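Right, one structure below, let's go through it.
All figures in this text were calculated on a predicted structure; none of them were measured in a lab.
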Amino acid sequence: YGDHRDLHYPLRRQRQMCIRDSHKRHAAGTVITIDGPAGAGKSTIAKLLAARLGFEYLDTGAIYRTVTFCLSRKSVPPVENDILRLALIGCRIKIEGGRVILDGKDVSGQIRSQEIDRIVSAYSALPMIRSYLINIQREQAVLADLVADGRDMGSVVFPKAALKIYLDADVSVRAERRMLELAARGEKAEIREILEEIRERDRKDRERETSPLLVPEGSHVAVSYTHLRAHETVLDLVCRLLLEK
Ligand code: DC
């Protein structure tokens with residue numbers, strides 16, 4: 001969309017309106033949720049939207065990845081028992097300026113490895129982990145207005161969100177995006193291998209019993225067909241939806 005200035009004023013007004021009415025929708029700030037499968041481009045859209053609205057960005061995938069990183073480093077397998085319960089309490093997770101901090105350290109780099117990609121769904125499927133993390137996520141909305149992305153934002157964590165988006169894309173588009181991300185970090189991977197991993201992660205995220213990936217009730221569904229400039233189309237759609245509300 002060409003002229004950003006046209007959008008800024010109405011969005012600011014929209015934001016003020018959202019904030020004024022927020023107590024009717026949610027206990028705290030205004031929340032916009034973006035759910036969808038791996039590699040759909042949620043974080044790109046969410047970051048741009050948050051910057052434009054002056055909201056905080058909450059990357060809940062990063063929270064699940066950090067817990068997975070913490071537990072796997074302690075050699076705690078993804079099985080619900082007292083060992084996991086205690087280890088979970090021992091993972092001191094904080095969110096500061098949109099970054100997840102583990103035991104006082106920024107682990108943003110380590111949590112995006114292929115190793116974590118492979119194991120994160122097994123840990124995220126555990127109700128013990130999900131119920132532990134739900135409060136950490138909701139607390140963020142007490143502190144600020146949020147654009148939150150993940151798998152269960154609009155269905156479980158923020159069911160009363162002001163606006164819910166479900167972002168999808170074909171698995172080949174998602175695999176290509178993921179490969180570019182890994183390449184940018186100097187990690188080599190075969191496209192076929194990534195396709196397989198994404199399919200497997202989708203299956204686990206969709207089929208788990210607790211908070212599976214689904215299109216939350218009341219969501220607007222957006223599909224991107226290519227990784228190129230796809231965020232502009234989706235962002236445009238989200239802005240229109242906000243203005244229409
Ligand atoms: O968005 P991501 O690829 O960084 O998420 C990593 C994993 O975390 C994903 O495969 C499933 C899990 N996850 C989840 O179960 N619920 C969320 N709200 C966010 C992520």
Around [X], counting heavy atoms of other residues, nucleotides and ligands shown, do more than 12 lie under 6.0 Å from its [atom1]?
| X | atom1 | result |
| --- | --- | --- |
| Glu96 | CD | yes |
| Lys74 | NZ | yes |
| Leu86 | CG | yes |
| Arg192 | CZ | no |

If we ignore hydrogens and angles and just use 3.5 Å, is the side chain of [X] paired with the main-chain N or O of [Y] as donor and acceptor?
| X | Y | value |
| --- | --- | --- |
| Arg177 | Ala40 | yes |
| Arg208 | Ser211 | yes |
| Lys164 | Pro216 | no |
| Arg138 | Val157 | yes |
| Asp35 | Tyr166 | no |

When you compare the side chain of [Y] with that of [X], does any pair of heavy atoms fall below 4.5 Å?
| X | Y | value |
| --- | --- | --- |
| Glu207 | Pro212 | no |
| Leu71 | Tyr123 | yes |
| Leu241 | Leu163 | yes |
| Ile119 | Glu115 | yes |
| Leu213 | Pro37 | yes |

Review point. Are Asp82 and Arg85 ion-paired here, with the side-chain N under 4.0 Å from a carboxylate O?
Key: yes
Check your understanding: So does Asp106 pair up with Arg99, basic N to acidic O under 4.0 Å?
Key ->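 Yes, Asp106 and Arg99 are salt-bridged.
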[X] [atom1] to [Y] [atom2] distance, which is reported to the nearest 0.5 Å:
| X | Y | atom1 | atom2 | value |
| --- | --- | --- | --- | --- |
| Cys70 | Leu88 | SG | CG | 8.0 Å |
| Leu126 | Tyr132 | CG | OH | 14.5 Å |
| Arg178 | Arg201 | CZ | CZ | 6.5 Å |
| Ile198 | Ile191 | CD1 | CD1 | 8.0 Å |
| Asp152 | Ser124 | CG | OG | 9.5 Å |
| Thr60 | Gln140 | OG1 | CD | 11.0 Å |

Exercise for review: Among Ile165, Leu53, Ile34, find the one that has a side chain to side chain contact (heavy atoms under 4.5 Å, CB included) with Val238.
Suggested key: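 That would be Ile165; it is the only one of Ile165, Leu53, Ile34 passing the side chain to side chain contact (heavy atoms under 4.5 Å, CB included) with Val238.
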Point to revise | Matching residue for Leu58 among Thr33, Asp149, Val31, Ile63 - test: side chain to side chain contact (heavy atoms under 4.5 Å, CB included) | key: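 Option passing the side chain to side chain contact (heavy atoms under 4.5 Å, CB included) with Leu58: Ile63.
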Practice item. Let me see the working for Phe69 and Ile111 under side-chain contact (heavy atoms from CB on, under 4.5 Å), right down to the final yes or no. Key: CA-CA 6 Å; Phe69 175 71; Ile111 61 171; 4.0 Å; yes
Which atom of [X] lies closest to which atom of [Y], heavy atoms considered:
| X | Y | value |
| --- | --- | --- |
| Glu197 | Arg118 | OE2-NE, 3.1 Å |
| Ala189 | Leu182 | CB-CD1, 4.1 Å |
| Ala62 | Val100 | CB-CG2, 3.7 Å |
| Arg52 | Cys239 | NH1-SG, 4.1 Å |
| Ile116 | Ser72 | CD1-OG, 4.4 Å |
| Leu214 | Ser155 | CD1-CB, 3.8 Å |

When hydrophobic residues are tied together by side-chain contacts of less than 4.5 Å, even through go-betweens, does [X] share a cluster with [Y]?
| X | Y | value |
| --- | --- | --- |
| Val76 | Leu133 | yes |
| Ile134 | Ile93 | yes |
| Val107 | Val120 | yes |
| Val79 | Met128 | no |
| Ile129 | Leu102 | yes |

Review point. Run the side-chain contact (heavy atoms from CB on, under 4.5 Å) check on Tyr57 and Leu49 step by step: do they pass?
Key: CA-CA 9 Å; Tyr57 165 51; Leu49 189 61; over 6 Å; no
Exercise for review: Apply side-chain contact (heavy atoms from CB on, under 4.5 Å) to Lys42 and Asp59, showing your working.
Suggested key: CA-CA 9 Å; Lys42 300 183 298 292; Asp59 176 357; over 6 Å; no
Point to revise | Verdict with reasoning, Ile136 to Lys94, per side-chain contact (heavy atoms from CB on, under 4.5 Å) | key: CA-CA 8 Å; Ile136 297 181; Lys94 269 203 300 186; over 6 Å; no
Check your understanding: So, Tyr64 versus Arg130: side-chain donor-acceptor pair below 3.5 Å or not?
Key -> yes
Practice item. For a salt bridge (charged side-chain N to carboxylate O under 4.0 Å, His left out) with Asp117, tell me which candidate from Arg112, Lys204, Arg65 qualifies. Key: Arg65
